[in-house]
Amino acid sequence: MSQAPFYVSPEQLMKDRADFARKGIARGRSVVVLRYDAGILLLAENPSPTLHKIAEIYDRIGFAAVGKYNEFETLRQAGVRYADLRGYSYDRIDVTARGLTNAYAQTLAGVFTTESKPFEVELVVAELGVTADADQLYRLSYDGSVIDETEHVAIGGQADAITASLSGLHTSSLDLAAVFNHGVAALAAATRSSLPTEDLEAAVLDRTTHRQRTFRRLDETTMAGLRED
Amino acid sequence: MAGFPPAFLSSTSNSFVELARSLAPEALPRDGARDLSEQSPEGTTIICFRTASGILMAGDRRATIGNLIASHSMEKVKPADDYSVIGIAGTAGVALDLIRLFQLELEHYEKIEGARLSLNGKANRLAAMLRGNLGLAMQGLSVVPLFAGVDEVTPHGQIFSFDVTGGKYEEHRFHAIGSGSGFARGALKKLWRPELDQDQAITVAVEALFDASDDDSATGGPDFVRQIAPTIFTVDLAEGVTEIDSAAVLTTAAEVVDRRTRTAGA
């Protein structure tokens, strides 16, 4: 005797999946990406010095993620493959954050609706413009929805608290040290902890560099030099 | 499902060449052309030697088709990444493609793995790429690279030469490739010393390339009319790859020409 098929409404199904993904993401620590006057700062609370949450995708494109490590690592590598293949087939300037964000959005949305379990991740794709007004920040959620931000964007469990504490701040007119300290303060306030420098991971996309690849990690000494607290 | 092709998400390879071969083979240089060797520009003399602090690699700027000069300003020596340089002699189109592909191969590995390949690893990867190019070499479109650089394990630097079949050989003092290499190597035998500082090394490189251009029609000398100087790169662990400013190279070249003019007149 076979069991009678039971009905689950699409609303319920999507809600269950979204709750599941949100719970996974809320467990992790947050990442915040902020523009400053000469570039973009990617800042994360991450005690591990090797398992990065922040990474380089291409010459002017940075990547930040929270959630399940194996899932966002797969997405990061896919992004590097997308960017390198596109840049080799056309030209390096033809690799854009918008194209990459679209590919991420489609993949996340596809997995969210068709696979047995959604990705428990949130991503930020940041592109450094040639001039400051061409900077782009995209925030991607587990279901593939995209939001573009103008000054700063936070992801992870404490994203709302971080965004609230940074609200009204025009980080793109401040220098790196000031923005770094605002970022650290917002991360620390959201977790109500003191955040030692060795628990931070940071990188910049640097508009002032002469190198083609603008992504640069900040080591502990540099971060300690930037901190004021 | 749109978005990334499935291979982007499931691939386990950190090699860009393998990725491109499976997903976009049309983007890669490929076999199929026949007897093109007489119509394709060719590049000529590259030299490389050890200095007190690391490595110097230099190349002339001329490309030829038969007895014609195809280009006066081709750059045949390029940085492969932040700590290594590559110079290529042979069919220009294939050579430039190979350089671009090799640069991307190293960058792709670095981004996927989060760490740089070792210097030996890079050299082995280049050898494998040459082996993949064997079909083109059999049609006369051969390229022979010279690769050198430094890493933490070998801070004093290593130089590797290759043949068209992908054979890889380490050179311990200096080496030259291309049609003028015999003359350049002769000059280096007399001029090279292990403890050359930066200025001395640049002079030695200019002298060796000058000798090559003196006797080999396919190697270009310093061009004072168009202000074209040989390409010179140095590599050391402290500074990484540095290109020597072409004005400085031209000044050194003018001194070399002056000295030789005086010697010839005396």
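Bear in mind that the values here come from a model prediction, so they are computed numbers and not experimental data. Below, read A as the first sequence line, B as the second, and so on, with proteins coming before strands; counting in each chain starts at 1.
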- [ ] Under 4.5 Å, counting heavy-atom pairs only, tell me which of B:Ala115, B:Gly114, B:Ala20, B:Ser11 racks up the most with chain A.
- [x] B:Ser11
- [ ] For B:Arg100 and A:Tyr88, indicate whether the former's side chain and the latter's backbone hold a donor-acceptor pair under 3.5 Å.
- [x] yes
TODO: Evaluate whether atom CD of B:Glu152 has more than 12 neighbouring non-hydrogen atoms of other residues, nucleotides or ligands under 6.0 angstrom away.
DONE: no
Task: Worked verdict on A:Arg211 versus B:Asp82 for side-chain contact (heavy atoms from CB on, under 4.5 Å) - done: CA-CA 10 Å; A:Arg211 300 177 63 220; B:Asp82 288 344; 2.9 Å; yes
Task: Residue part contacting chain B, namely of A:Tyr58, when any heavy atom lies under 4.5 Å - done: both
TODO: Name the region of B:Ser10, side chain, backbone, both or neither, that has any atom closer than 4.5 Å to a heavy atom of chain A.
DONE: neither
Open item on the list: Any side-chain to backbone donor/acceptor pair from B:Lys111 onto A:Ile57? Under 3.5 Å, distance only.
Closed with: yes
Task: Validation row: B:Leu19, A:Asp84 side chains within 4.5 angstrom (heavy atoms) - done: no
TODO: For chain B, find which of A:Gln77, A:His52, A:Arg81 contributes the most heavy-atom pairs closer than 4.5 angstrom.
DONE: A:Arg81
- [ ] Please say whether more than 12 non-hydrogen atoms of neighbouring residues, nucleotides or ligands are located less than 6.0 Å from NZ in A:Lys117.
- [x] yes
Task: Atom group of B:Ile112 that falls short of 4.5 Å from chain A, counting heavy atoms - done: both
Task: Interchain contact, A:Arg92 with chain B, by part (heavy-atom threshold 4.5 Å) - done: side chain
Task: N/O donor-acceptor pair under 3.5 Å between A:Thr107 side chain and B:Phe4 backbone - done: yes
Task: Distance in Å, A:Gln212 CD paired with B:Glu107 CD, rounded so as to fall on 0.5 Å steps - done: 7.5 Å
